[in-house]
Student: 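Have a look at this one before I ask anything.
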Amino acid sequence: MKRSLSGIQPSGVLHIGNYFGAIKQFVEMQDDYEGLYFLANYHALTSAPKGEDLKKNTIGVILDYLALGLDPKKSTLFLQSDVPEHTELSWILANVTPMGLIERAHSYKDKVAKGIKPNMGLFTYPVLMAADILIYDADVVPVGKDQKQHLEITRDIATKFNETYEKEIFKLPEPKIVESVAIVPGTNGDKMSKSYGNVINMFASKKEVKKQIMSVVTDSTPLEEPKNPDNNVTQLYSLFATPEEVEVLKEKFRAGNFGYGHAKNELLDKFMDYFAPYRAKREELVNNMDYVYDILKEGAEKARKIAGAKLEIVRDTVGLLKRS
Ligand code: ADP
Ligand code: TRP
């Protein structure tokens, strides 16, 4: 069975972009791939969160994973920080990684352009990500489109290592990106992101979700006039609706006398129907934290076995002396 691996930073509360762009794929792949899904909490440190916040978000994301259908019987679920082998491999990989490769990383450049003062963690972020992936010999990595370049960097680092040590130590992973949901737009029309304040959260209160949906940016075409059917609301609606239902909505926009407010209410109804079972499941899990922590413990044990064995080979290859 091929191995699928992915991670999400617990750097905030997850949103429907994370779900449709990433987690939904993890869940759908569970029967056909050996899955390893983790919480990238070392990566989350790059934004220097308060310790208490990081812990709270970490618990939030593991609850989300489980509520949304990741099944610990099928997939290995763990915290990155429970497998410190990732960070050791990251150091080793840093020594075959050209500076220029990392200097070209869009996500780093975008953050700097936004005025974030970069720290070394943020700069070397892609090297740790390469370690996360390569240490498990992952075949595929399901992610949203914004992670495509990080996957390319991972492949470049693996190639560089294999060439340097003249051995096929690392497998080159393939990204798995679902084009139709590659970039879920946020309420302001930009990419939805935890860091841009433009999200719709799966597990917020209905009141909060309504507020988020009502804030979706639209134009000011008067109510009675026909509207461009390909607007932000339609795009979000199409995540939850069948193609026929999307066509019906578009027809209403074209006909006029149908406002964005009406469409947003329909979107809210669809959202609530879609996530209702997951929201109920999450409530159950919150009251069962021992079960949740046990899953993480078991997941870490399984992951460490694989990562530890791979790291042994790497240590030997690069010449870190081992006494028997
Ligand atoms: P964020 O930008 O909200 O901080 P992350 O960088 O933690 O999200 O992304 C976690 C996963 O969710 C990644 O696989 C990423 O590609 C995916 N993802 C994030 N935002 C979106 C979006 N708007 N559309 C599609 N996928 C997304
Ligand atoms: N960089 C990813 C993101 O922001 C998170 C991540 C860290 C990841 N390590 C990974 C994703 C390994 C896939 C594989 O979304």
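Atoms within each ligand, like the ligands themselves, are counted from 1 in listed order.
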Student: Any idea which protein heavy atom is nearest atom 8 (O) of ligand 1, and the distance to it?
Tutor: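 Scanning the protein heavy atoms, the shortest distance from atom 8 (O) of ligand 1 goes to Asn18 ND2, 3.2 Å.
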Student: Does Glu103 pair with Lys109 as a salt bridge, N-O distance under 4.0 Å?
Tutor: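 No.
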Student: Can you tell me which residue and heavy atom of the protein come closest to atom 5 (P) of ligand 1, and the distance to 0.1 Å?
Tutor: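 Checked against all protein heavy atoms, atom 5 (P) of ligand 1 sits closest to Lys194 NZ, 3.6 Å.
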Student: Considering the options Lys145, His150, Gln149, which one meets the side chain to side chain donor-acceptor pair (under 3.5 Å) requirement together with Gln147?
Tutor: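 For Gln147, the side chain to side chain donor-acceptor pair (under 3.5 Å) test succeeds with only one of Lys145, His150, Gln149, which is His150.
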Student: Under a plain distance cut-off of 3.5 Å, with no hydrogens placed, do Thr234 and Asn231 share a side-chain donor-acceptor pair?
Tutor: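 Side chains of Asn231 and Thr234: pair found under 3.5 Å.
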Student: Is the ring pair His43/Tyr125 parallel, tilted or perpendicular, if the boundaries are 30 and 60 degrees?
Tutor: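 Taking Tyr125 first and then His43, their aromatic rings sit tilted (interplane angle of 30° to 60°).
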Student: If you measure every N/O of His15 against every N/O of ligand 1, is any gap under 3.5 Å?
Tutor: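 For ligand 1, there is an N or O atom that lies under 3.5 Å from one belonging to His15.
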Student: Just say parallel, tilted or perpendicular for the rings of Phe78 and His86, cut-offs at 30° and 60°.
Tutor: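 If you compare the ring of Phe78 with that of His86, the planes turn out perpendicular.
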Student: Return the residue, atom name and 0.1 Å-rounded distance of the protein heavy atom closest to atom 25 (C) of ligand 1.
Tutor: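 The closest one turns out to be Ala182 O, 3.1 Å.
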Student: Which of the atoms in ligand 1, numbered in the order shown and given with their element, are less than 4.0 Å from a heavy-atom of Val181?
Tutor: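 Within the 4.0 Å cut-off of Val181, ligand 1 contributes 25 (C).
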Student: With a 4.0 Å cut-off, would you call Glu251 and Arg254 a salt bridge?
Tutor: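 Here Glu251 pairs with Arg254 in a salt bridge, since their nearest N and O are under 4.0 Å apart.
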Student: Can you name the atoms of ligand 1, numbered from 1 with element, that are less than 4.0 Å from a heavy atom of Ala22?
Tutor: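 Those qualifying, in numeric order: 11 (C), 12 (O), 14 (O).
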Student: Regarding Asp219 and Tyr260, is there a side-chain donor-to-acceptor distance under 3.5 Å anywhere?
Tutor: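 Yes, because at least one side-chain N or O of Asp219 sits under 3.5 Å from a partner of the opposite role on Tyr260.
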Student: Check Glu85 with Lys310, please: is the shortest side-chain N to carboxylate O separation under 4.0 Å?
Tutor: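 Salt bridge between Lys310 and Glu85, a charged N being under 4.0 Å from a carboxylate O: no.
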Student: Distance to 0.1 Å, residue and atom name: give those for the protein heavy atom nearest to atom 16 (O) of ligand 1.
Tutor: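 Scanning the protein heavy atoms, the shortest distance from atom 16 (O) of ligand 1 goes to Asp146 OD1, 2.4 Å.
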Student: Please determine whether the number of non-hydrogen atoms from other residues, nucleotides or ligands lying under 6.0 Å from atom NZ of Lys210 exceeds 12.
Tutor: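 No, NZ of Lys210 has 12 or fewer neighbouring heavy atoms, counting only those of other groups under 6.0 Å.
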Student: Evaluating non-hydrogen atoms only, which member of Val184, Ile177, Val199 is closest to atom 24 (N) of ligand 1?
Tutor: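 Shortest heavy-atom distance from atom 24 (N) of ligand 1: Val184.
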Student: Tell me the protein heavy atom at minimum distance from atom 2 (O) of ligand 1, and give that distance in Å.
Tutor: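 Among all protein heavy atoms, the one nearest atom 2 (O) of ligand 1 is Ser193 OG, 2.9 Å.
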Student: Can we call the ring centroids of Tyr19 and Phe275 under 6.0 Å apart?
Tutor: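 Yes.
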Student: Within this structure, what is the CG-CD distance for the pair Leu223 and Glu225, rounded to the nearest 0.5 Å?
Tutor: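 Answer for the CG-CD pair, Leu223 versus Glu225, is 10.0 Å.
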Student: So if I count the atoms of ligand 1 from 1 in the order they appear, which ones are less than 4.0 Å from some heavy atom of Gly21?
Tutor: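 Selected atoms, number and element: 25 (C), 26 (N).
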Student: Using a strict cut-off of 4.0 Å, indicate which atoms of ligand 1 neighbour a heavy atom of Gln147.
Tutor: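 This gives 16 (O) as the contact atoms.
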Student: Return the protein residues near ligand 2 (heavy atom under 4.0 Å from any of its atoms), ordered by chain and residue number.
Tutor: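 Around ligand 2, where the cutoff is 4.0 Å for heavy atoms, the contacting residues are Leu5, Ser6, Gly7, Gln9, Phe38, Ala40, His43, Tyr125, Met129, Asp132, Ile133, Val141, Val143, Gln147.
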Student: Quick check: does Lys191 get an N/O under 3.5 Å from an N/O on ligand 1?
Tutor: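 Among all N and O atoms of Lys191, at least one is under 3.5 Å from an N or O of ligand 1.
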Student: Looking only at side-chain N and O atoms, does Asn265 offer a donor or acceptor that is under 3.5 Å from a partner on His262?
Tutor: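 There is no such pair between these side chains.
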Student: Tell me, which protein residue and heavy-atom name are nearest atom 14 (O) of ligand 1, and how many Å apart are they?
Tutor: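 Of the protein heavy atoms, Gly144 N, 3.2 Å lies nearest.
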Student: Under 4.0 Å from a heavy atom of Met192: give me the atoms of ligand 1 that qualify, with their elements.
Tutor: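 Those qualifying, in numeric order: 20 (N), 21 (C), 22 (C), 23 (N).
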Student: What residue and atom, counting heavy atoms only, is the protein's closest point to atom 26 (N) of ligand 1, and at what distance?
Tutor: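 Atom 26 (N) of ligand 1 sits closest to the protein heavy atom Gly17 O, 3.2 Å.
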Student: Answer yes or no: does an N/O atom from Val143 fall short of 3.5 Å to an N/O atom of ligand 1?
Tutor: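 No, Val143 has no N/O under 3.5 Å of an N/O on ligand 1.
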Student: Please check: side-chain N/O of Glu166 versus main-chain N/O of Asn162, any donor-acceptor pairing under 3.5 Å?
Tutor: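 Not at all, since once roles are kept as given, no pair shorter than 3.5 Å links the two residues.
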Student: Step through the shown structure and confirm whether more than 12 heavy atoms of other residues, nucleotides or ligands are within 6.0 Å of CD on Glu283.
Tutor: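 Atom CD in Glu283 is not packed in, count stays at 12 or less.
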